[in-house]
Amino acid sequence: MATLTLPGKTFEVDAAIFDLDGTLVDTLGDFGEALNRMLAELRLPPVAHEAIATMVGKGSEHLLVSVLNHVLAQDGKAPSAIKLEAIYQQAWPSYQRHYAAINGQFAEMYPGVQQGLQTLAAAGIPMACVTNKPTAFAIELLRSLDLDCFAQVFGGDAFERKKPDPLPLLRCCAALGTAPACTLMIGDSANDAQAARAADCPVLLVTYGYNHGQSARAVDADAWMDSLAELKVCRQS
Ligand SMILES: O=C(O)COP(=O)(O)O
Ligand SMILES: [Mg+2]
């Protein structure tokens, strides 16, 4: 058990679970590059990064449907379900191929991440990563950034349901051998906070991530921080 502190807040934790996109790594450049290569291949108009930022966080399938709806909407009208489904069938393999080819090349670790992870690692706090990104892409991205401190990495395809369902966090706690109430979730969005609340994990949100274009401070969470460097360990036992 360790005591983690932020100004004005204390957490007693046995382990910490981190979200990936929007929390550890700014992957908007990767999403933009892969999506726009896919859209060009399908002869569809490109999508702006600002729009993508509001659609990231609920996994690849949700992102792709949101982007296709966005670029296919004419005069504010959504495309028919039949048209969307037909284009999705072509878009999915194209997006997977382009994402795998560029994964990590247009992404950047957020300031303070190295320091925050080192603080927890030095205190011997086990860490895991639970993301809605596909597991293979998540593992490859973490490897390319030399982030090798995670005992477990679970992606959006690891379990039957993704965050905001509590299942990924509950399964991760089981894999870590820790009680949810002593396993801190650190994320950037309402998906992370809702999953944590439902799993009974304490939850801390970073304020710089995506959160569907909304302020993370408006989300029900236990605390917020502007940088992982703010995390301090005041006691270990
Ligand atoms: O939806 C995604 O691919 C990213 O999800 P994450 O914020 O859970 O890492
Ligand atoms: Mg996120």
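Read the numbers this way: they start at 1 and go in the same order the structure lists the ligands and their atoms. Every heavy atom of this structure was used, including side-chain atoms; hydrogens, water molecules and symmetry mates were not. None of these values were measured; they are calculated from a predicted model.
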Novice: Considering non-hydrogen atoms only, spot the tightest contact between Leu20 and Cys129 and give its length.
Specialist: CB-SG, 3.9 Å

Novice: Kindly confirm or rule out an N or O of Gly57 lying under 3.5 angstrom from an N or O of ligand 1.
Specialist: yes

Novice: Out of Asp26, Thr54, Asn191, which residue meets the side chain to side chain donor-acceptor pair (under 3.5 Å) rule with Tyr210?
Specialist: Asp26

Novice: Which is the closest N/O/S atom of Asp21 when seen from the Mg ion (ligand 2)?
Specialist: O

Novice: Of the protein's non-hydrogen atoms, which lies at the shortest distance from atom 4 (C) of ligand 1, and what is that distance?
Specialist: Asp21 OD1, 3.2 Å

Novice: What do we get for Lys58 next to ligand 1 when only non-hydrogen atoms under 4.0 Å count, side chain, backbone, both or neither?
Specialist: backbone

Novice: Out of Leu4, Leu184, Thr3, which residue meets the side chain to side chain contact (heavy atoms under 4.5 Å, CB included) rule with Glu12?
Specialist: Thr3

Novice: Polar contacts were defined as any N/O atom of the residue lying under 3.5 Å from an N/O atom of the ligand; does this apply to Asn132 and ligand 1?
Specialist: yes

Novice: Any nitrogen or oxygen of Lys163, side chain or backbone, less than 3.5 Å from one on ligand 1?
Specialist: yes

Novice: When hydrophobic residues are tied together by side-chain contacts of less than 4.5 Å, even through go-betweens, does Phe137 share a cluster with Leu141?
Specialist: yes

Novice: Once rounded to 10°, what is the value of the angle centred on the Mg ion (ligand 2) between Asp188 OD1 and Asp19 OD2?
Specialist: 80°

Novice: Does the pair Arg197/Asp222 count as a salt bridge with the N-to-O cut at 4.0 Å?
Specialist: yes

Novice: Tell me, which protein residue and heavy-atom name are nearest atom 9 (O) of ligand 1, and how many Å apart are they?
Specialist: Thr131 OG1, 2.6 Å

Novice: For atom 1 (O) of ligand 1, what is the nearest protein heavy atom, given as residue, atom name and distance?
Specialist: Gly59 N, 2.7 Å

Novice: Going through the distances and angles, do Ile17 and Gln152 end up as a side-chain contact (heavy atoms from CB on, under 4.5 Å)?
Specialist: CA-CA 9 Å; Ile17 300 176; Gln152 309 283 342; over 6 Å; no

Novice: Are any of the side-chain nitrogens in Lys133 or Glu140 under 4.0 Å away from the carboxylate oxygens of its partner?
Specialist: no

Novice: Flag the pair Arg37 and Glu41 as a salt bridge only when some basic side-chain nitrogen lies within less than 4.0 angstrom of an acidic carboxylate oxygen.
Specialist: no

Novice: For ligand 1, does Asp19 get within less than 4.0 Å through its side chain, its backbone, both, or neither, judged by non-hydrogen atoms?
Specialist: side chain

Novice: Suppose I only count heavy atoms of Leu20 and a 4.0 Å limit; which atoms of ligand 1 are within that range?
Specialist: 9 (O)

